[in-house]
Amino acid sequence: MQPEQVQTTDVDLMKAIVRQDERALAELYDRYRVILFGLLVRILNSREEAEDVLQEVFLQVWRRAADFDETRGRPFTWLVTLARSRGIDRIRNLAARDRVAQAGAREESEQVSDAVADAFRSEQRGLVTTALAQLPEEQMRPLMLAYFDGLTQSEIAAKLNAPLGTVKTRMRSGLMKLRELLADSKSAGFGFQ
Amino acid sequence: MSHDDYKEMIPAHALSALETADERMLNDHLVGCAECRRELDEWQSTTAGLAFEATPLEPSAHVRESILAKVREVRAEEATAKVVPFVSPRQNIWNSFGSLGAIAATLVFVALLVYVVLLWKENRALQSQVTTVAAENSKIKKDLELSLAAIKLISSPGSKMAELNATPMAPGATAKIAFDKTGHAMLMAQGLPAAPAGKEYQLWFIVGGEKMPGKTFATDSGGSGMLIDQVPVAAMKSAVFAITMEPKGGVPAPTGQVYLVSSS
């Protein structure tokens, strides 16, 4: 009988990276490359750019692992925040007008690939998709435009032809609702080590 | 800008959706506010989940190798930087004078640097104090205006006042509601427990079995809250006033527990 293998937690991997353990970095990459790369492709709409940014992210993890504070959140949250921040910085180098114009187009192409990639849907993805489906369209759309297209609140207002105050309120309400829904999902297993 | 204004901006910051100027101001505030940093951590935990909405994709195999190769380069560079090169001692006395001059220049430079940093810190501290005093001043002014409005309301002819008593949900809490003959009302509550995120207190006018919704209000860190509302015509002559905890923004019919209620 094989002894049960105990998987190293993400926090342990972060501590090992602080001690300059390359294998820990490789293990962290193997765990999250697929989700982070998918996120970056969705933001940048380019595999090449996304691979470039993904490399930058993990080099930053190597250099700044000591900045991670486990009392403030999970390594997964830290990684996603880091990756998204880098991706948004990259896309904001494009002219603002181009970004606003392209925002819808990116969303449409993603919808097509979504249908093809249903087989890859994970349990966590299902929970998030279910939670988002429960948000009214008027709340979900500003969240998506901010999260995946890097638009600011005033850019979203211009894109949706809606007053800025309305956009701010809808974003806040949508995010609050999403937090409640995901918190409910946590008890059903949502989350990471 | 007040602490509450900054707190309001945090969800948008977690989505990177703030305008550059607002983002800069909030980042400055976050440096000195542990409560807002905790709030940001919580919102980022929520927004991180949105990453699952993107289609998971496999990057090219060379990305992993490239990352590890660069990490090895970084380690090699760091190791080289730690090696202190051997330098043979200089015998020329003029070189010694040169070295002394360089040392003196370095010391002067370091002293200037320290002085500049101290000045910068002092300036930051003063700016922070000015912001705090301005916020306090604004709050005192607002409180004074409210007190004057309350006095004016209570002293107007035909005005009425009712006292709301605490239920077991809020032992020690009190509130008073005053309204004039036009129904213009002012509610002042104290000692209420802090409402959790997404919740607020809501005022109700109860006539017979009918519960008519009033406006919602939040409390400050001391549990005090204040509300200006309009008493419905049907509730002007005889009504019971109650306060419940409800979802933010209020609801048309009460769903939460009663915290304060007036006698009928």
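Chain identifiers are assigned alphabetically (A, B, ...) following the order of the sequence lines, protein sequences preceding nucleic acid strands; residue numbering begins at 1 within each chain. Side chains included, hydrogens not; waters and symmetry mates left out as well; all remaining heavy atoms used.
- The shortest heavy-atom contact between A:Ile35 and B:Ala51 is CD1-O, 3.5 Å.
- To the nearest 0.5 Å, atom CD of residue B:Glu42 and atom CZ of residue A:Arg179 are 6.0 Å apart.
- Of the two parts of A:Arg47, only the side chain, counted from C-beta on, holds a non-hydrogen atom closer than 4.5 Å to a non-hydrogen atom of chain B.
- Atom CZ of A:Arg172 sits about 11.5 Å away from atom CE of B:Met9, to the nearest 0.5 Å.
- Residue-environment remark: CD (A:Glu22) exceeds the threshold of 12 foreign heavy atoms within 6.0 Å.
- When heavy atoms are compared at a cutoff of 4.5 Å, A:Ser154 approaches chain B by way of both its backbone and its side chain.
- Heavy atoms of A:Leu25 lying under 4.5 Å from chain B belong exclusively to its side chain.
- With respect to chain B, the highest number of heavy-atom pairs below 4.5 Å among A:Thr71, A:Thr77, A:Val34, A:Val80 belongs to A:Val34.
- When all heavy atoms of B:Ser60 and A:Tyr29 are compared, the closest pair comes out as O-OH, 4.5 Å.
- Atom CG of A:Leu39 and atom CG of B:Leu57 lie 10.5 Å apart (nearest 0.5 Å).
- With a threshold of 4.5 angstrom between heavy atoms, A:Leu54 approaches chain B through its backbone and through its side chain.
- Residue B:Gln257 places its CD atom among 12 or fewer non-hydrogen atoms of other residues, nucleotides or ligands, all under 6.0 Å distant.
- Side chains of B:Leu50 and A:Leu132 form a contact here, defined as non-hydrogen atoms less than 4.5 Å apart.
- A salt bridge is absent between B:Glu8 and A:Lys168: the closest approach of a Lys/Arg side-chain nitrogen to an acidic carboxylate oxygen does not fall below 4.0 angstrom.
- Taking CZ of A:Arg23 as the start and CG of B:Leu68 as the end, the distance is 12.0 Å to the nearest 0.5 Å.
- Heavy atoms closer than 4.5 Å to chain B are found in both the backbone and the side chain of A:Gln20.
- Here B:Val63 is the residue among B:Leu40, B:Ile10, B:Val63 with the most heavy-atom pairs under 4.5 Å with chain A.
- Nearest heavy-atom pair, B:Ser16 versus A:Arg92, reported as atom, atom and distance to 0.1 Å: O-NH2, 2.5 Å.
- Between A:Leu59 atom CG and B:Ser66 atom OG the span is 7.5 Å, to the nearest 0.5 Å.
- Between A:Thr81 atom OG1 and B:Trp43 atom CH2 the span is 14.5 Å, to the nearest 0.5 Å.
- Looking at A:Asp30, only its side chain comes within 4.5 Å of chain B, counting heavy atoms on both sides.
- Counting only heavy atoms from C-beta outward, the side chains of A:Phe148 and B:Glu53 approach each other to under 4.5 Å.
- Counting all heavy atoms, side chain and backbone alike, B:Ala14 lies closest to A:Arg84 at O-NH1, 3.8 Å.
- Listed here is the closest heavy atom pair of A:Val128 and B:Phe52: CG2-CB, 3.9 Å.
- With a 4.5 Å cut-off on side-chain heavy atoms, A:Phe58 and B:Arg64 do not count as touching.
- Using a 4.5 Å cut-off between heavy atoms, A:Met176 touches chain B through backbone and side chain atoms alike.
- With chain A as partner, the option from B:Glu23, B:Arg75, B:Lys70 having the largest number of non-hydrogen pairs under 4.5 angstrom is B:Arg75.
- Nearest heavy-atom pair across A:Gly38 and B:Ala54 is O-CB, 3.6 Å.
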